[in-house]
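Each chain gets a letter, A, B and so on, in the order its sequence line appears, and its residues count up from 1. The basis for the numbers below is simple: all heavy atoms, side chains too, and nothing from hydrogens, waters or symmetry mates.
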There are 2 protein chains.
Amino acid sequence: MKEDNNNLHRTTLRILETLELIANNPNRFTLSDISDKLQIPKSTISPILHTLVYKGFLSLTPDYHYRIGFSAYNIGTGFLHQFNYLDEIEKILSDVTNVCLEASHYAVLSGGDVLYLKKVNSPEPIRMVSFVGNKLPAYSTALGKALLLNMSVNDIKKLYPGGLKPVTEHTITDFTELREQLTKAKQEGYVYEIEESNQYIRCIAVPIHKSGKIVASISVATPVFRYDDKKEALIKALLTDAQYKIETLINTLEISYEDLIQ
Amino acid sequence: MKEDNNNLHRTTLRILETLELIANNPNRFTLSDISDKLQIPKSTISPILHTLVYKGFLSLTPDYHYRIGFSAYNIGTGFLHQFNYLDEIEKILSDVTNVCLEASHYAVLSGGDVLYLKKVNSPEPIRMVSFVGNKLPAYSTALGKALLLNMSVNDIKKLYPGGLKPVTEHTITDFTELREQLTKAKQEGYVYEIEESNQYIRCIAVPIHKSGKIVASISVATPVFRYDDKKEALIKALLTDAQYKIETLINTLEISYEDLIQ
DNA sequence: AAATTATATTCGAATATACGAACAGCAGAG
DNA sequence: CTCTGCTGTTCGTATATTCGAATATAATTT
C-alpha cells in the first residue's frame with residue numbers, strides 16, 4: 001500500500017522470519033532446519049539463534065530444538081496491554097455468557113480479518129475451539145460482517161483483491177450477496193452466520209460504535225444442536241444490552257479511536 | 001549460567017532491545033527516542049524500524065510514534081500454545097472461582113519467578129489487578145512458595161543470589177524463615193500468603209505434582225476484607241479438589257515434564 | 001569398532017551493514 | 001517570516017557481518 005517493500009533490512013527480516021517459523025509451526029526445528037527452510041547459511045543463523053536464546057525469545061531443548069521463549073510472549077502481551085479496557089469488556093461479556101451459557105467474543109478489524117481480542121468460554125463441556133489472537137476473513141464470520149456493515153461494495157472489494165475465498169461450504173463468496181446481507185443486517189440490527197467459518201457453529205453479532213463509526217463488534221457463538229428460536233431471542237437481547245454497556249464504557253473511558261482499532 | 005554472554009550478535013540484540021523498549025513502556029517512542037535510549041545511531045535503527053513495521057511487529061502512529069504490532073502478539077501466543085492443555089485448566093479453575101467468587105490462578109516456575117499461565121477473574125466488582133504473563137518473585141506469593149516446597153535452602157539461595165528483596169512490607173526476606181514456612185506448608189498441604197506481594201490481598205495455594213515432582217501450582221486470591229475462616233475452609237476444599245483434577249488431567253493427557261515447566 | 005549421519009562451529013575473503021556528519025522537511029515559537 | 005527544535009533520510013567510508021567449505025563433536029548405524 002504505502003510501505004516501501006524494497007530497502008528492507010535483511011538481518012531483521014531473517015530474525016523475524018525465524019521467530020515466525022518457530023512460533024507458527026507445531027514441529028520444532030534445529031539450527032539446520034531453520035537454515036534450510038529460510039535459506040540462511042548455518043554460520044549466519046548460528047550467532048542470531050544464540051542471541052535469541054540469550055535474550056529468552058527462544059529456548060533450546062536438550063535435543064537441539066528451538067521453541068518460543070517467554071520474552072517473545074512478554075513482547076506480545078505488550079500488544080494487548082494497548083487495549084487496556086479489555087478487562088472491562090470481559091466483565092460485560094461474562095454476563096452474557098453466564099446467562100446464555102455460550103461463548104462470547106469481542107473483536108476488531110485488522111486488514112480484512114477479524115482479530116479476536118477477548119473471548120469468554122462457554123461453561124458447557126462441548127464448546128468452540130477458538131482463541132484470542134485468531135484471525136479469520138471478516139466476511140466469513142458474524143463478528144466480521146458486523147465490522148463491515150458500513151462499507152460500500154467497493155471498500156469491501158479493496159479489502160479482498162483476491163475475491164471472497166470460502167472457509168467452509170457455507171461461506172458467502174459473492175460481493176453483491178454479501179452487501180445485500182449486510183444491508184438487511186443493518187436494518188435488523190443483528191448479523192447472522194450459519195456455519196460459514198466453523199462447521200456446526202452458528203453465530204450472532206452486533207457492531208460497537210464510537211461517534212457514528214463502527215470500531216468493534218461482539219458476538220455469541222452456539223453449536224447448531226443447542227440453537228433454537230428461544231435461544232436466538234435470548235442471545236439477541238443479551239447482545240443489545242452488552243452493546244449499550246460497551247458503547248457507554250468506551251465513551252466513559254474516553255478511549256481514542258486510534259486505540260480502539262488496529 | 002551456561003550461555004556465552006560474549007559472542008552475541010549485535011544487530012539481533014538491538015532489534016530485541018528495541019521491541020522490549022517499546023513493549024514494556026507505556027510511553028510511545030519515536031525513532032530518535034529509540035536511537036537515544038538504546039545508543040544506536042539513527043541511520044542504523046531506521047531501516048530496522050522500517051522492517052519491523054513492514055512485518056507488522058511494530059506499527060507507526062501518524063505522529064511518528066512506534067507501538068507493538070499484531071505480529072509480535074502472534075509470535076507471543078506461540079509461547080502459550082506450547083501449553084495446549086491450558087483450556088482444560090481453565091475449566092477446572094472456573095469451577096473454583098464460580099463457587100468461591102474469587103480469582104484463581106495457574107502458574108509455573110520460571111527462574112526464580114512465578115509465571116502466571118492462566119487466570120480466572122473474580123465476578124465480584126472489586127478484584128485483583130493481575131494478568132497472564134506477569135512475573136513476581138516466587139518467595140513473595142503463595143503460588144510461588146508452592147513451587148518452592150521441595151527445594152532445599154541452598155537450591156533457593158541459588159535462585160536469589162541477591163537475597164530475598166521485599167515486594168511489600170510483609171514479604172519474607174529471610175531464607176531460613178522461608179524454608180521453615182515451606183516445611184509447615186508442606187505438612188499441612190496448603191501455602192498461605194498474607195499481603196506479601198499485593199497489599200490487601202491474601203492468597204492460598206497448592207502445588208501440582210507429576211511423578212513426584214512439583215511442576216505447577218494453583219491459587220485463590222482474596223481481598224482481605226472478604227476473607228474469613230469460613231471462606232478459608234471453602235477455598236481449601238476447592239483447591240484440593242482442583243489439585244486432584246489437574247494432576248489427573250496431566251497424567252491423562254500424558255503431557256511431558258518438558259512441556260509443563262518453562 | 002568403523003562408518004555414517006546428524007548436530008553446531010570455525011575461518012578468511014567477500015560484501016552488506018553501520019556510522020555520523022550533513023541534509024531535508026515540518027511544526028511551533030518568537 | 002525567520003529561527004529553533006523536532007522529525008527522519010542521505011551519503012561515502014569504515015567496519016562488522018555474511019558466506020560456504022572445512023572442521024569439530026556427538027549420536028546412531030553397520
Separation of [X] atom [atom1] from [N] atom [atom2], in whole Å?
| X | N | atom1 | atom2 | value |
| --- | --- | --- | --- | --- |
| A:Ile40 | C:dA16 | CD1 | C1' | 15 Å |
| B:Phe29 | D:dC6 | CZ | P | 16 Å |
| B:Arg28 | D:dT7 | CZ | P | 17 Å |
| B:Leu60 | D:dG8 | CG | P | 8 Å |
| A:Leu31 | C:dA8 | CG | P | 5 Å |
| B:Asp63 | D:dG5 | CG | C1' | 16 Å |
| B:Leu38 | C:dA18 | CG | P | 14 Å |
| A:Leu8 | C:dT17 | CG | P | 11 Å |

Sugar-phosphate only, base, or nothing, as touched by A:Ser43 at under 4.0 Å among non-hydrogen atoms: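 Base, at least one base heavy atom under 4.0 Å.
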Within 45° cone of A:Phe175 ring axis and under 6.0 Å: A:Lys157 NZ or CZ: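 Geometry flag: set, cation within 6.0 Å and 45°.
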Plane angle bin for B:Phe79 and A:Tyr73 - parallel if under 30°, tilted between 30 and 60°, otherwise perpendicular: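 Plane angle between 30° and 60°, so tilted.
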With a 4.0 Å limit, can you tell me whether [X] has a side-chain N or O closer than that to the phosphate oxygens OP1/OP2 of [N]?
| X | N | result |
| --- | --- | --- |
| B:His50 | D:dG8 | no |
| B:Arg14 | D:dT17 | no |
| B:Arg10 | D:dA16 | no |
| A:Thr11 | D:dT18 | yes |
| A:Ser32 | C:dA8 | yes |
| B:Ser46 | D:dG8 | no |
| B:His9 | D:dT18 | yes |

Toward the 5' end of DNA chain C, by each residue's nearest nucleotide, A:Lys42 or B:Ile48: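 Nearest-nucleotide comparison on DNA chain C picks A:Lys42.
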Minimum-distance nucleotide (side-chain atoms of B:Thr44 versus D:dG8, C:dC19, D:dC19):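 My answer, after comparing the listed nucleotides, is C:dC19.
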Carboxylate-amine/guanidinium contact B:Arg14 B:Glu17, below 4.0 Å: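 Between B:Glu17 and B:Arg14 there is no salt bridge, as every charged N stays at least 4.0 Å from the carboxylate O atoms.
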Most 5' of A:Pro47 and A:Tyr64 on DNA chain D, judged by nearest nucleotide: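 On the 5' side of the pair lies A:Pro47.
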Heavy-atom neighbours of B:Tyr160 OH exceed 12 at 6.0 Å: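 Result for OH/B:Tyr160: enclosed.
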Validation row: A:Asp155, A:Leu148 side chains within 4.5 angstrom (heavy atoms):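 No. Closest side-chain heavy atoms not under 4.5 Å.
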